[in-house]
> 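Dumping the structure here so I can ask a few things about it.
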Amino acid sequence: MQKKHKNISKATEQVSSVLIQWYRKNARDLPWRHTRDPYPIWISEVILQQTTVAQGEAYYHRFLKKFPTLAALASAEQDAVLKLWEGLGYYSRARNLHAAAQDVMNRFDGQFPDTYENIISLKGIGPYAAAAIGSFVYGIPRVVVDGNVLRVISRLYGIEEAVDLPATKKQITLLAQTLLDTQDPAEFNQAIMEFGAINCTYKKPSCATCPLRQFCTAHAKKIVDQLPLKSKKIKKTTRRFHFLILEDPNNCFLVDQRTGKDVWQGLFQFPLLESNKLDHELSLHDFPHIEPIKGKLVGVSELYKQTLTHQYIQACFYHFRAEASLKRHNSYKVISKSEIKDYAWPKIIVNYLKDRELL
DNA sequence: AACACGGGGTC
DNA sequence: GACCCAGTGTT
């Protein structure tokens, strides 16, 4: 028992050491690796959740330029934060980030918290981000478990249970935690994620030149291409949105902000009728809450399409000319053509607006 | 434990 | 079309 434990320890030490050495040679030069300031690191971690480095990098720079400090973010309007997030997806990240900034001002006197428990207490920060920020900024010895780590560990230890099951994730977290180099948690966490991103990739991993090859169970069993295993089958629903582009004589439009638990919460849209019925010619009064307005249809768009993780969305835009100036009523606002660019819109609406040169 | 939440990229 | 990406919050 004692001997076995010692052997495992030695192997884990070697694996950790290999990862660190590999990282020192192969690390990408990424902007958030040049600082120990918790604020930009926090921003980078939230932006990068379920987002590729390639896509997130530009958002990172724009975000910090607009909100250079935690205090600046906390005092911003939520709509301004969402506008900066436009096109990035998973908008709850932006809303939670904003709320968390205000929370830090209130609960922690504007100082980003320095313990794992306090960091993870912030909205939008879960086990991954708390371990990442905690280790990078404060040297807290908690291992990060992201998609890269799930893949690396599941292959290294030949874990054939679905990694998206909580029990498996817990097991992987424990295994990864034993690997973590407590001398430098920050560097180890960067190393294992970078290794997954560059060497132990989902498709076509570089096993031939892999420095962990001799330790890798999946390689020995020739099942690298079968791991990690996932159980979840996502089923998609189809939804059809009919948007009313109601334009008055002053080139103003009726818009409203999405609320509730649906997609795109907090983003803006045009008066919406959701109906999966096709080809029924819509009149102005088929749209919700616009009763007194008079106008006539001057154009119907082609069908716009967008695929989300759980939905196929189709959108059709009905352009009506209103006879009189629009007034705000119910939840609707009236905005001018030149103000369209100031609001955050779902991608499918951005596509329409760009096609019509309204954005 | 299962599910929803976006958009871009790859094969 | 299926799957992945520096995951988290809700039910």
Side-chain angles (χ1 to χ4, degrees), chain A residues 27-28 30-33 40-60 82 85-97 99-100 119-136 143-152 162-170 173 176 186 188-198 200-205 225-237 239 258 260-267 305-313 344-351:
Chain A
R28 290 169 292 182
L30 301 175
W32 41 86
R33 288 184 178 156
I41 289 175
W42 174 33
I43 301 304
S44 75
E45 292 306 335
V46 175
I47 285 177
L48 290 170
Q49 288 167 12
Q50 295 293 283
T51 302
T52 58
V53 167
Q55 191 189 2
E57 198 163 350
Y59 281 87
Y60 172 80
L82 283 170
W85 216 265
E86 183 184 58
L88 194 56
Y90 286 160
Y91 298 95
S92 63
R93 290 182 294 170
R95 299 192 308 268
N96 288 336
L97 190 56
I119 294 171
I120 205 173
S121 77
L122 296 170
K123 274 194 169 185
I125 296 184
Y128 162 76
I133 300 168
S135 64
F136 300 159
V143 76
V144 291
V145 181
D146 71 337
N148 291 306
V149 175
L150 289 176
R151 187 170 56 255
V152 171
V163 298
D164 53 353
L165 265 38
T168 313
K169 189 169 179 182
K170 195 171 175 181
T173 301
F188 177 84
N189 277 340
Q190 293 281 9
I192 190 167
M193 285 193 286
E194 193 79 341
F195 182 77
I198 292 176
C200 194
T201 50
Y202 176 68
K203 294 279 187 186
K204 297 186 179 179
D225 60 347
Q226 296 169 41
L227 298 182
L229 192 74
K230 296 217 174 165
S231 64
K232 289 194 175 94
K233 291 281 178 278
I234 293 171
K235 60 176 152 189
K236 288 178 159 62
T237 57
R239 301 172 74 182
R258 291 182 63 85
K261 283 178 268 186
D262 206 349
V263 291
W264 304 322
Q265 186 186 137
L267 272 60
K305 298 177 181 178
Q306 183 176 17
T307 303
L308 309 184
T309 304
H310 291 86
Q311 308 180 28
Y312 297 112
I313 293 187
W345 308 92
K347 183 65 178 176
I348 200 166
I349 294 181
V350 167
N351 289 343

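Source: prediction; values computed, not measured. Just so we're on the same page: letters track the sequence lines, and every chain starts at 1.
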> Can you tell if the side chain of Thr51(A) reaches within under 4.5 Å of the side chain of Tyr90(A), non-hydrogen atoms only?
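They are not in side-chain contact.
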
> Asp262(A) CG to dT10(C) P: how many Å, rounded?
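The answer, rounded to whole Å, is 16 Å.
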
> So does Ser92(A) reach the base of dG9(C) with its side chain, donor to acceptor, closer than 3.5 Å?
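Not at all, since no donor on one side and acceptor on the other fall under 3.5 Å apart.
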
> At under 4.0 Å between heavy atoms, what does Asn189(A) touch on the DNA or RNA strands: base, sugar-phosphate, or nothing?
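The residue Asn189(A) makes no contact with any strand.
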
> By the 4.0 Å heavy-atom rule, please label Ala129(A) as base, sugar-phosphate, or nothing.
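Sugar-phosphate, backbone atoms only, no base.
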
> Rounding to a whole Å, what distance do you find between Leu308(A):CG and dA4(B):P?
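About 12 Å, once rounded to whole Å.
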
> Output the rounded distance in Å from OH (Tyr91(A)) to P (dG7(B)).
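That distance rounds to 4 Å.
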
> How long is the gap from CG on Leu308(A) to NZ on Lys347(A), to the nearest 0.5 Å?
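Atom-to-atom, Leu308(A):CG and Lys347(A):NZ are 12.5 Å apart.
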
> In whole Å, I'd like the distance from the NZ atom of Lys203(A) to the P atom of dT10(B).
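Going from NZ in Lys203(A) over to P in dT10(B) covers 14 Å.
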
> With rounding to whole Å, what would you report as the distance between dT8(C) and dG8(B) at their P atoms?
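22 Å, rounded to whole Å.
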
> By the 4.0 Å heavy-atom rule, please label Trp85(A) as base, sugar-phosphate, or nothing.
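Result for Trp85(A) = nothing.
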
> Report which part of the nucleic acid Leu88(A) touches: base, sugar-phosphate, or nothing (heavy-atom distance under 4.0 Å, all strands).
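Base contact - Leu88(A) has a heavy atom under 4.0 Å of at least one base atom.
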
> Please table the atom pairs, donor to acceptor, closer than 3.5 Å between any side-chain atom in residues 42-49 of chain A and protein atoms at least two apart or in another chain.
from: Ser44(A); atom 1: OG; to: Ile41(A); atom 2: O; distance (Å): 2.7
from: Glu45(A); atom 1: OE1; to: Tyr128(A); atom 2: OH; distance (Å): 2.6
from: Gln49(A); atom 1: NE2; to: Gly124(A); atom 2: O; distance (Å): 3.4

> Closest to the Glu194(A) side chain: dA6(C), dC4(C), dC5(B)?
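Of all the options, the side chain of Glu194(A) is nearest to dA6(C).
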
> Quick one: does Val149(A)'s side chain get under 4.5 Å of Met193(A)'s, heavy atoms only?
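Of all side-chain heavy-atom pairs linking Met193(A) with Val149(A), at least one is under 4.5 Å.
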
> Among dG9(C), dA6(C), dG7(C), find the nucleotide with the atom closest to the side chain of Gln49(A).
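Given the options dG9(C), dA6(C), dG7(C), the side chain of Gln49(A) is closest to dG7(C).
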
> Please work out if Gln190(A) contacts a base, only the sugar-phosphate, or nothing of the nucleic acid, heavy-atom cut-off 4.0 Å.
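Touches a base.
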
> Using a heavy-atom cut-off of under 4.0 Å over every strand shown, decide if Tyr202(A) touches base, sugar-phosphate, or nothing.
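Answer is sugar-phosphate: Tyr202(A) comes under 4.0 Å of backbone atoms only.
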
> Can you tell me how far P in dA6(C) sits from the matching atom in dC5(B), rounded to whole Å?
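Going atom to atom, P in each nucleotide, I get 23 Å.
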
> Counting heavy atoms not belonging to Lys236(A), are there more than 12 under 6.0 Å from its NZ?
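Enclosed: over 12 neighbouring heavy atoms sit under 6.0 Å from NZ of Lys236(A).
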
> Between the base of dG7(C) and the side chain of Tyr128(A), is there a donor and acceptor pair under 3.5 angstrom?
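Per atom types, no contact qualifies.
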
> Calculate the interatomic distance between Leu229(A) atom CG and dC3(C) atom P; express it in whole Å.
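One finds 11 Å between P of dC3(C) and CG of Leu229(A), rounded.
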
> Out of dA1(B), dG6(B), dA6(C), which has the shortest distance to the side chain of Met193(A)?
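For Met193(A), the side-chain atoms sit closest to dA6(C).
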
> Could you state the atom-to-atom distance from CD1 of Ile313(A) to P of dC5(B) in whole Å?
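It is 9 Å, rounded to the nearest whole Å.
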
> Take Tyr90(A) and Ala54(A), find for each the nucleotide of DNA chain B with the closest heavy atom, and name the residue whose nucleotide sits nearer the 5' end.
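Going by which nucleotide is closer to the 5' end, it is Tyr90(A).
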
